[in-house]
Peer 1: 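Below is the structure I would like to discuss, written out as structure tokens.
What you see is a predicted model; the values in this text were computed from it and never measured. Remember, it's 1-based here, ligands and their atoms both numbered in the order they're listed.
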Amino acid sequence: MAQQEEKTDNVPAIPFLNLKAAYMELKKELDEAYERVMTSGWYVLGAEVAAFEAEFADYCGVGHCVGVGNGLEALTLVLRAWGIGAGDEVIVPSNTYIATWLAVSHTGAVPVPVEPCGSTYNIDPSRIEAAITHRTKAIVPVHLYGQPADMDAILCIADKYGLKVLEDAAQAHGSTYRGKRAGGLGHAAGFSFYPGKNLGAFGDGGAVTTDDRELADKIRLLRNYGSSVKYVNNATGFNSRLDEMQAAFLRVRLKRLDAWNGKRQLLAAWYLRNLPISLPQVALPAVPDWAGHCWHLFVIRTADRDILQRELAANNIGTLIHYPIPPHLQQAYAPLGHGSSSFPIAEKMAGEVLSLPMWPQLSLGALAGSILGRTNPFNVNYKGRS
Ligand SMILES: *Cc1c(COP(=O)(O)O)cnc(C)c1O
């Protein structure tokens with residue numbers, strides 16, 4: 001270990017993520033946006049939110065966008081607006097960030113997990129029908145890590161059973177499925193603008209996108225105390241609003257989204273080309289030809305994940321695990337009674353996945369100069385998929 005640290009003393013560290021770099025690149029425009037909002041004297045539900053909603057709806061190719069407080073609430077509000085609640089079931093992936101499940105639980109409905117494909121990590125459409133009961137009301141596919149779920153197959157099943165499809169697009173800003181952007185692939189979509197997402201705010205934020213005007217109107221009511229006219233309340237709503245400052249920042253970031261996704265694409269291409277040399281036996285992400293991946297995360301798999309993570313850390317390369325414990329094994333979901341081994345694919349993934357540095361300002365030169373640019377530097381054959 002000490003030897004490795006000495007060896008790499010003069011190699012700059014590669015953090016997993018560097019959000020300050022995004023600010024520094026856009027400092028002038030972001031500072032202007034800040035000034036504009038501060039001097040406007042209007043901070044909630046104003047011109048910036050309206051403009052961002054129009055711009056993001058246009059970007060996603062849908063008729064409507066409604067800015068809300070965060071990604072979890074975007075998903076929750078759509079399910080509530082559809083009337084989903086106690087006694088209902090909603091199909092979710094067994095491997096996802098827990099927010100997908102929480103959105104279902106917060107309506108009073110029960111999340112019903114379905115396992116992913118072993119290669120794409122997204123919900124396996126061929127397993128969905130077996131999970132449908134007379135209580136099932138909707139399917140929430142997640143475009144995990146930025147790779148779109150197989151939407152045609154999912155929509156086909158939804159059609160057959162009369163179910164709604166809500167995209168969890170929290171990791172999929174700019175992803176495409178057969179050439180069409182995420183956010184416009186199902187009946188509605190929920191986005192998160194948490195700072196680390198491909199389109200990130202400098203605080204919390206979220207949005208619902210849809211072509212359904214009636215749904216968009218309902219979300220507008222629900223996000224604002226159930227009110228469209230001040231002090232007149234038509235529904236028992238929430239306070240979940242995107243604020244003016246975040247909307248102004250997001251308008252600056254949205255103009256860079258495609259260019260920054262392009263940089264992520266270059267980094268992903270570098271990893272796909274070089275990792276077979278530096279980490280010969282690690283499993284790489286598989287991208288079907290119909291998928292336009294936005295590379296929110298670059299996730300590899302190895303049975304020796306914990307050792308590899310330590311080795312990379314010793315060489316100043318930051319990594320994270322998305323996600324170490326699947327939702328069904330979290331204490332929060334103990335009441336559902338899914339024991340260990342009930343979703344073996346999700347559980348295996350949790351033990352093997354590792355996310356490598358992926359952010360638009362990270363340079364290819366830094367990657368090439370790091371230990372990941374060498375030939376089998378650890379001289380270990382990490383086990384891939386078993
Ligand atoms: C980030 C994320 C969410 C939640 O978004 P927040 O804005 O943090 O509430 C939901 N689903 C997935 C898949 C996410 O990655």
Peer 1: If you measure every N or O of D168 against every N or O of ligand 1, does any of those distances drop under 3.5 Å?
Peer 2: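 Yes, there is a polar N/O contact under 3.5 Å.
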
Peer 1: Suppose we call two aromatic rings close when their centres sit under 6.0 Å apart. Are F193 and F56 close by that rule?
Peer 2: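 Yes, close enough.
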
Peer 1: Just to confirm my output: which protein heavy-atom neighbour is closest to atom 10 (C) of ligand 1, and how far is it?
Peer 2: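 So the nearest neighbour among protein heavy atoms is A99 CB, 3.4 Å.
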
Peer 1: Show your reasoning for whether side-chain contact (heavy atoms from CB on, under 4.5 Å) applies to N198 and W295.
Peer 2: CA-CA 8 Å; N198 288 32; W295 298 109; 5.8 Å; no

Peer 1: Below 3.5 angstrom, do we get any N/O pair linking T96 and ligand 1?
Peer 2: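 No - when backbone and side-chain N and O of T96 are compared with those of ligand 1, no distance drops under 3.5 Å.
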
Peer 1: Pairs of nitrogen or oxygen atoms closer than 3.5 Å, one from L72 and one from ligand 1: do any exist?
Peer 2: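 Yes, there is a polar N/O contact under 3.5 Å.
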
Peer 1: Main chain of H187, side chain of D212: is a donor-acceptor contact present, judged purely on distance under 3.5 Å?
Peer 2: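 Here the side-chain-to-backbone pair does not exist.
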
Peer 1: What residue and heavy atom of the protein are closest to atom 8 (O) of ligand 1, and at what distance?
Peer 2: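 Heavy-atom neighbour on the protein nearest atom 8 (O) of ligand 1: S192 OG, 3.9 Å.
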
Peer 1: Just which atoms of ligand 1 are under 4.0 Å from any heavy atom in G71?
Peer 2: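 Selected atoms, number and element: 5 (O), 6 (P), 7 (O), 9 (O).
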
Peer 1: Which atoms of ligand 1 have any heavy atom of N70 under 4.0 Å away?
Peer 2: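 With N70 as reference, the close atoms of ligand 1 come out as 7 (O), 9 (O).
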
Peer 1: Please check: side-chain N/O of R253 versus main-chain N/O of G200, any donor-acceptor pairing under 3.5 Å?
Peer 2: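 Present.
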
Peer 1: For V142, take its heavy atoms, then give the atoms of ligand 1 lying under 4.0 Å from any of them.
Peer 2: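 By the 4.0 Å cutoff, the relevant atoms are 13 (C).
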
Peer 1: Let's go through K28 and E32 carefully: what are the C-alpha distance in whole Å and the side-chain angles of both, what is the deciding distance for salt bridge (Lys or Arg N to Asp or Glu O under 4.0 Å) to 0.1 Å, and is it a yes or a no?
Peer 2: CA-CA 6 Å; K28 189 164 170 286; E32 276 166 17; 3.3 Å; yes

Peer 1: Parallel under 30°, tilted from 30 to 60°, perpendicular over 60°: which one fits the rings of Y121 and Y145?
Peer 2: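 Y121 vs Y145 ring planes: perpendicular.
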
Peer 1: Does the separation of the ring centres of H173 and F191 fall below 6.0 angstrom?
Peer 2: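 Yes, close enough.
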
Peer 1: Considering distance alone, does some N or O of K197 sit under 3.5 Å from an N or O of ligand 1?
Peer 2: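 Yes, at least one N or O pair falls under 3.5 Å.
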
